[in-house]
Amino acid sequence: MRAERRGRRGTAPRPGGRLARRLLGAALAAVAGAAVLAPAPAANADSPLRVHAAEQGFEIGAALAVNHLNNDSQYRAIAAREFNAATPENEMKWDTTEPSRGNFQFGQADQFMDFAQANNMKVRGHTLVWHSQLPSWVSDRSWSQAELRTVMNDHIDAVAGRYRGEIAYWDVANEIFLEDGSWRPSVFYNTLGSGFVADALRMTAEADPNAELWLNDYNIEGINAKSNAYYELAQDLLAQGVPLDGIGIQGHLINGQLPSGIQQNIQRFADLGLKVAITELDVRIQMPADQSELQQQARDYTTVMNACLAVDGCVAVTVWGVSDQYSWVPDVFQGYGAPLLYNSSYQAKPAYDAVHTALGGDGGGPTDPPPGPCAVTYNVANQWNSGFTASVSFTNNGTSPLNAWELEFDFPNGQRVTSGWSGQWTQSGSTVTVSNAAWNGTVAAGGTVSLGFNGSHTGTNNEPTSFSLNGQECSVS
C-alpha cells in the first residue's frame, strides 16, 4: 500500500466498530488524521457536532460556499461551530480555478482555505478531474493523448500543488461511471481511455505527496452495478500499485427510499484497505415537508450515520450544505427540497438531532437563543469597486400584525444608500432608516417584507450587525 511509501498518518486497526463501542459506553480517543486539527474540549450532551465527532475519532463536515461565508453571518457561525471538516462547493473545480489555459484563479479557493484553517477543519479538495464544470477550452477541443495528459498534469500540478500539505483528501476523479457500471463518456475517457484515472492519481501523488487520493460518485451507497464497477476498479488500481486511498460515497438520497446494504457496501471497500466517507449527504423531501416527513428524514440520517460509524474504515460524513436556504436540490430536482440539517431560517431540524445522537449527544445539540420580536436577513447581492446592491428582509415574529413599520440600522464603514425600493429610505450619518411603502405597511404575524437598495462605499463593505424594527432589536441571520 502507498501509505508506507508516503508516510500517511494512522494508527493500528482496532477491534469492533465505533458504533458498537459507543453503545457500550467506551470513550474513544481521537485518531491522528481523523480528528480536528486542534484539541477539542470534552463533549457534553449539548456540545456541537464537531466535539462529539472528535471524541469518536471522526469527521463531521459540510460543503461550504465562499459567497455565503462572506455575506451570511449565521451561515458562517454555524459552519464554524458545528463542523470539523469542510469541502468547497465550487471553489476548486476546474472552471473556477483555470477558466482559460494557464490562467489560474485561486482567490475563492484561498478564501475557503483561510476559513477552514482558521476553524481547524480538515479539508477535502473537490475536485480535480470531472466531466462537468469544465471550461469549454478543455471539453470542446479534440486533443491528442499526449496533449490532454499535459493539460491534465498542468492543472493538477497547479491546483493540488498550491495547497500541498494543507489538504487532507483530494477527490481526484469524480463521477466516472454510468448507472450500469459502464464508463462515462468524457473528454478524458474518450481520449485517454480508462487509464486516465490512474494517470490522474499518479499526477496528484506527485503534486501533493501528503494528501490522500480518492474517487467519488453518487448512487453507489448500496451494492449495485455502479458500486461494483468502483469495487473492481479499486481492486485493479491497487494491484497495479496505483496510489489510491479512499472511495467517496456521495449520498444524495430521497426521503424514505434509502438503498439497502449501505453498511455492507462500506465494509467491502474498507476490507480492501481503503478508507470510505459519505462525502455529499443530503436527504431530499417532496415539498411541502410536514412533520412526519421531517421525522422520516431524521431516521434516514440515523441510518447513514450508523452505517458509517459501524465500520472502522469509514472516517467521515459530510453534508452538502449548511441550511436548506442554499441547497442545490430545488434547482435540480423539481418539487423537492429541505434536504439538510438546518431549515432556511437556521433552525435545527430533527435531522440535526439524529446526527447529534448518532455521534454520542442527547439529540438536543447547542441551544440557539430564542428568536426576538423580529428577524432580519441582510445580503450583498452584487458588489463592484465603489458600489453594491444589497437586499434586506425582516420577519414579524410577534403574535400581532404590524400596521406600520420602521426598520433602522447603522453602516459600520461609511457606506451610503444611493437609491432604494419597497420602502421610504433615508440616511443620517451612518444611520439608515426605511419605513413602509403605501402597499406593504401591514405585516401579519409571521409575515416577511423584502427590501433592497443600491449603495456606495469607499473601503471595506462590512455588513450591519444590528437592526431594530419599530424600536425593538431584531435577531440577525
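In this text, all values refer to a predicted model and were calculated from it rather than measured experimentally.
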Enumerate donor-acceptor pairs with a distance under 3.5 Å from any side-chain N or O in residues 129-136 to protein atoms, sequence neighbours excluded.
from: Trp130; atom 1: NE1; to: Glu175; atom 2: OE1; distance (Å): 2.9
from: Gln133; atom 1: OE1; to: Lys93; atom 2: NZ; distance (Å): 3.2
from: Gln133; atom 1: NE2; to: Asn90; atom 2: OD1; distance (Å): 3.1

Can you name the nearest heavy-atom pair linking [X] to [Y], along with the distance?
X: Asp208; Y: Ala160; value: CB-O, 4.0 Å
X: Trp170; Y: Met92; value: CH2-SD, 3.8 Å
X: Lys349; Y: Ala338; value: NZ-O, 2.9 Å
X: Gly321; Y: Ala62; value: O-CB, 4.1 Å
X: Asn306; Y: Ala358; value: OD1-CB, 3.9 Å
X: Ile278; Y: Cys308; value: CG1-CB, 4.5 Å

Which residues satisfy the side chain to side chain contact (heavy atoms under 4.5 Å, CB included) test with Ser345, sequence neighbours excluded?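 Side chain to side chain contact (heavy atoms under 4.5 Å, CB included) list for Ser345, sorted by chain: Asn343, Gln347.
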Would you please name every residue forming a side-chain hydrogen bond (donor to acceptor under 3.5 Å, both in side chains) with Tyr326, sequence neighbours left out?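 Result, side-chain hydrogen bond (donor to acceptor under 3.5 Å, both in side chains) vs Tyr326: Asp72.
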Taking only residues two or more places apart in sequence, or in another chain, which ones meet Asp282 in a side-chain hydrogen bond (donor to acceptor under 3.5 Å, both in side chains)?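 So Asp282 forms a side-chain hydrogen bond (donor to acceptor under 3.5 Å, both in side chains) with His252, Trp328.
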Give the intermediate values and the outcome of salt bridge (Lys or Arg N to Asp or Glu O under 4.0 Å) for residues Asp180 and Lys226. CA-CA 6 Å; Asp180 63 359; Lys226 194 173 187 180; over 6 Å; no
With sequence neighbours excluded, what pairs up with Asp110 under the salt bridge (charged side-chain N to carboxylate O under 4.0 Å, His left out) test?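 With sequence neighbours excluded, Asp110 shows a salt bridge (charged side-chain N to carboxylate O under 4.0 Å, His left out) to Arg162, given in chain and number order.
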Look at the aromatic rings of Tyr378 and Phe453 and report parallel, tilted or perpendicular, splitting at 30° and 60°.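 Aromatic pair Tyr378/Phe453 classed tilted.
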Could you check whether the rings of Phe333 and Tyr336 sit parallel, tilted or perpendicular, using 30° and 60° as the cut-offs?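 Judged by the thresholds at 30° and 60°, the geometry between Phe333 and Tyr336 is perpendicular.
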Checking side chain to side chain contact (heavy atoms under 4.5 Å, CB included) between Asn67 and each of Asn70, Leu64, Leu69, Asn71, which is the one that passes?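 That would be Asn71.
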Do [X] and [Y] pair up side chain to side chain, a donor and an acceptor below 3.5 Å, judged on atom types alone?
X: Thr431; Y: Asp410; result: yes
X: Asn397; Y: Thr395; result: no
X: Asp217; Y: Tyr230; result: yes

Residue pair Asn103 / Trp137, side-chain heavy-atom distance below 4.5 Å: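 No, every pair of side-chain atoms sits at 4.5 Å or beyond.
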Could you pull out every donor-acceptor pair under 3.5 Å between side chains of residues 461-471 and any protein atom, sequence neighbours left out?
from: Asn461; atom 1: OD1; to: Gln415; atom 2: NE2; distance (Å): 2.9
from: Asn461; atom 1: ND2; to: Gln383; atom 2: OE1; distance (Å): 2.8
from: Asn462; atom 1: ND2; to: Asn413; atom 2: OD1; distance (Å): 3.2
from: Asn470; atom 1: OD1; to: Glu406; atom 2: N; distance (Å): 2.7
from: Asn470; atom 1: ND2; to: Ala404; atom 2: O; distance (Å): 3.1

Evaluate whether atom CG of Asn385 has more than 12 neighbouring non-hydrogen atoms of other residues, nucleotides or ligands under 6.0 angstrom away.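 Open: at most 12 neighbouring heavy atoms sit under 6.0 Å from CG of Asn385.
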To the nearest 0.5 Å, what is the distance between CG on Asn174 and CH2 on Trp214?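 Between Asn174 CG and Trp214 CH2, I get 13.0 Å after rounding to 0.5 Å.
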